Amino acid sequence: MSENAKDQNSEAYELLENMNNMWSDVSTDDQGEESRTPASLDEVNASMAILEEFYSMNVTIKEYKDWADSLKDMLATYKEIFESEEPKDDEVAQLLEEVFMLWTEISYHDEAEYRSPKNWKEIRASRALLKKANMMTVEDDQLLARIEELEDVLNSAEKKIPNHSSRVIASLIFSVVILLGLVFLLSWNTFELKEVSYDAEWFTTGQNGNLFWTTLDDKEEQKAITRKIYLPRNTKLEPLGRKGKSWIQVKTPNGDFGFIDFKLLNGSKHRKAKAGARIFMKIGAEKEDTLTSGSMVTVLERKTQKVNYGSIDYIKIKLADGKVRWARDKQFEELIFEGIPKLNPDYFIATTIATARKQILGKTKEAVEKRYGIASSFFQTQKTDQAYYAQLVVTDTNNRQRKGLIVNFNKNDTAFNLNYIDEGESRFYNKFPLMNFVRSQEYNKTMAYHYYLPDQPLIKWWTEFKTSNWLTKIIYWVLGIVYLTLCLFIFYSLARQLVSPLMQVFTYNRVFANGFVKFVNFLLMFLATYMFFLFAVTIMDIWFLPLIAFLGTVIFWYIIHSHFVEYDRCPSCHTMYSALDKGSTKTGKSKSTSYEHKEKDLGYRSRIEGNIEYREHHYQTWSEKTTDIYQHSLDHRSCALCGYEWDIALSEKIDSYTEEV
């Protein structure tokens, strides 16, 4: 190797050593050996310049070249790191200028231009730019102060500029969800005929009898009861449901169905003793024995005995050991009813005669049953088939409410005529505006799941509690009223939510004065809730409690709405949610006095005049004065947008005392 080459290698090594020694980030490992790395971008740039000089030399030692290559890679990594942390004051300044120029609310003071956001679109765009600026490294104190200044302007603007669009959109979305839910609910018909497992022999008639339109337990017109067909002995029937204590809805082999007294069926002979069932040798005899609970017996004969206070039903029974005895009917359970679904006597579908004609006439029996559920009875005659839909409560052209509808089908299975089954009764609420419109929609088809009653109560202990005694009945009644009222309040509140977007359109429109806004929104709220009230009346067929809940709901929400308008809507520029709280001032106190006459019964006193004793009723009377003390105050409000100031007068009762006068 020449002397010149040796000198080049030596100088190259010294360059690398000097570069390493100039790095100011020093660390020591566990063995005490010291290592250095660049601490700034300036050190990295100076080192890279040294490396350029190194590579310009004629270096022949491979170890020196490898060392330089590894240092080059390390410096490139550190350069990237330090450049990402390098302050970007120029970029930040440009972003802040963009923010300022976005704002279109311009004013001038001392020949200086001041800007602020005019709407929420400008606020959101400014927030995005400031967020980007805050993610950059800034060293200039003036830029940092400028960022804080712009942030303060935005915070102030957010308080002054009402965010109407987001409120309306949120309200609209919520209202659409409620509307879609109601549409789904009202279009959902849950009627379903239950399948019944039964012993065919039990549901065969043991004697001649009749199949009726409806049960004799119902208080129907006599003509409804006389609609019947004859069933000979040994007619096999298919049970569909049970109603009351004696009636089973059945279907005949001919396709007719109606109600039959269970006593006509073979299964009525099979009974089960309740706890404490007593047996006698004959009616009127002393008790012979008491059967154990669940003892099976066969009924041979039934007899009713008249007594002073009414009548007692007796049955002649055959015991398991073959003995024949008499017992009271009520002390035995009917096995034939087990497994037969209970029909709900209160289930009904409200409609109008015009809608019924439109939906029934010209339709097949299958189409009618798909809409209204299975008929209570269906009798075939030589000329027509007649179906009786007891669940239809029809309002006629005179606003009379008719319970039950007879539909005549021709041999092509097409409905061609309708008849009422009773004389009907007049209900004054049928004359309410829009009531017939609501009835014509047949909304309470959605309650079709009530066609059957549950086999077991959902809360058994509560069912037993509410019928235990007169006190539990009162408690049940009170709690039921409270629960129903609460449900109606929540239900009616949905109506307010449905019209909320339209209400907000009036509330946020700065053209309308506050009084007009409150009046129009009250009308919108009232009309929407009124429609829900009509719906509730149609569903429940009662009006008083729904009316009280309806008025209470409307008044409650109107008070809430009025409070918001008075407190948060500027009476001058009519901007909603622009009000600032400026505190309150007490303005004084006042008294309100009322008088009440009191009376106490002291009972009778006797006095004697001559030989005659007189008894006189004595009372103690007095008056009480009640004084109520009220604190009056003014809540001060100020508009953040136009600066208008207004006061709201308040009165609060702070004390009350009663004294005798």
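In this chain, residues are counted from 1 in sequence order. Only a predicted model underlies this, so the values are computations on that prediction, with no experimental measurement involved. Both backbone and side-chain heavy atoms feed into the values below; hydrogens, waters and symmetry mates do not.
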With a 6.0 Å cut-off on the ring centroids, do [X] and [Y] count as close?
X    : Y    : result
Y492 : F532 : no
Y451 : Y347 : yes
F212 : Y388 : no

Does the side chain to side chain contact (heavy atoms under 4.5 Å, CB included) test come out yes or no for E333 and H270, once each step is laid out? CA-CA 9 Å; E333 294 180 7; H270 304 282; over 6 Å; no
Y558 ring centre to R496 NZ or CZ under 6.0 Å, with the angle to the axis within 45°?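 No - R496 does not lie over the ring of Y558 by the 6.0 Å and 45° rule.
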Once ring-ring contact (aromatic ring centres under 6.0 Å, His included) is applied, do any residues pair with [X], and if so which ones, sequence neighbours excluded?
X    : result
F564 : none
H574 : none
Y314 : none
F332 : none

Do Q391 and H450 come within less than 4.5 Å of each other through their side chains, counting heavy atoms only?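 Of all side-chain heavy-atom pairs linking H450 with Q391, none is under 4.5 Å.
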Kindly write out the residues that satisfy salt bridge (Lys or Arg N to Asp or Glu O under 4.0 Å) with [X], not counting sequence neighbours, or none if the list is empty.
X    : value
E425 : R427
D568 : R637
D261 : K263
K518 : E566

By side-chain contact (heavy atoms from CB on, under 4.5 Å) - contacts of [X] (at least two apart):
X    : value
M296 : K272, L335
T384 : T381, Q386, N408, F416
L527 : none
Y483 : C487

I'd like to know if the side chain of N208 and the backbone of R233 have a donor-acceptor N/O pair within less than 3.5 Å.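 Yes, the answer is positive, given that a donor and an acceptor are paired below the 3.5 Å cut-off.
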